[in-house]
Novice: 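One structure coming up, written as structure tokens, with questions to follow.
Order of appearance sets the numbers: ligands from 1, and atoms from 1 within every ligand.
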Amino acid sequence: MKADVFTLFPQWFDWFRTQRHVENALALGHQVEAVDLRATTPLKWGQVDDTPFGGGAGMVLRVDVVEAALRARYGVDPVQLKDTRRVIALTPGGRQLDDAYVGELAASDEITLLCGRYEGFDERILEHFCSEQLSIGRYVLAGGELAAMVVLDAVLRKLPGTLGKEESAVEESFSEALEGAPEYPHYTRPAEWRGWTVPAILLSGHHARVAEWRREQSRMRANLDPAHRPLP
Ligand code: 6GU
């Protein structure tokens, strides 16, 4: 996986790279690169955004600035670029991120994430340079950077070998292995604390029965919690 993040705040991603599973992914040869939109701006004084036509608050990321950044990076017209790789704009109104979407991205060799700032993107960026728009939920962030980190966190941990234990990303909340249901409850030592005990089945050593209990618990959670309905 090679992920390029176009941003006005590339240094934010220095911290992101120090996260354990991100470090692991990088050590395995995966790449996360923050590309500074300001570095290639065709405008004097390093300008990257401008006031919206028609008036209104805030600033809008310019189409010429994003075109220059994409061209410099990939050496092709960004209008064609989006046909050969996923160029994803991070917008509050985009396709909502879920486990299936994360899986699609994790299966891609290369992805590009575009972070808007201030009021967002000139619409022509979205229309002509992007294959899609992605949102991490129905609320508004001040910029796409934190959303990009959420996406990359979720995507990188799906790549084989980035988590401590290989199978830990398979049977987890909302995964196909659990039929889209939330994960079953976990317990560890001490087996009793303030009179709070652990389900006896987990201490029994019967692996098949433990697996059955977990599936049952997961299904129960899916039915009890309307926010965690199973996949259709
Ligand atoms: Cl991807 N960007 C911004 N700016 N706000 C968001 C978002 C993205 N997803 C939810 N809110």
Novice: Val155 and side-chain contact (heavy atoms from CB on, under 4.5 Å): which single residue from Thr162, Leu105, Val150 fits?
Specialist: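 Passing option: Leu105.
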Novice: Checking Tyr74 against Glu110: is there a side-chain donor and acceptor pair closer than 3.5 Å?
Specialist: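 On atom types as modelled, these side chains do not qualify, holding no pair under 3.5 Å.
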Novice: I would like to know whether Asp36 and Arg38 meet salt bridge (charged side-chain N to carboxylate O under 4.0 Å, His left out); could you show each step before the answer?
Specialist: CA-CA 5 Å; Asp36 188 355; Arg38 244 179 255 282; 5.0 Å; no
Novice: What's the separation between atom CG in Leu163 and atom CZ in Arg157, rounded to the nearest 0.5 Å?
Specialist: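 That separation rounds to 5.0 Å.
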Novice: What pairs of donor and acceptor atoms, side-chain ones from residues 193-208 against any protein atom, are under 3.5 angstrom apart with sequence neighbours left out?
Specialist:
{"unit_1": "Ser204", "atom_1": "OG", "unit_2": "Ile201", "atom_2": "O", "d": "2.6"}
{"unit_1": "Ser204", "atom_1": "OG", "unit_2": "His206", "atom_2": "N", "d": "3.2"}

Novice: How about Arg71: does its CZ atom have over 12 heavy atoms from other parts shown lying under 6.0 Å from it?
Specialist: yes
Novice: Dump all N/O pairs between ligand 1 and the protein below 3.5 Å as a table: atom names plus distance, one pair per row.
Specialist:
{"unit_1": "ligand 1", "atom_1": "4 (N)", "unit_2": "Leu141", "atom_2": "O", "d": "3.2"}
{"unit_1": "ligand 1", "atom_1": "5 (N)", "unit_2": "Leu141", "atom_2": "N", "d": "3.0"}
{"unit_1": "ligand 1", "atom_1": "9 (N)", "unit_2": "Ser135", "atom_2": "OG", "d": "3.4"}
{"unit_1": "ligand 1", "atom_1": "9 (N)", "unit_2": "Ile136", "atom_2": "N", "d": "2.9"}
{"unit_1": "ligand 1", "atom_1": "11 (N)", "unit_2": "Tyr139", "atom_2": "O", "d": "2.5"}

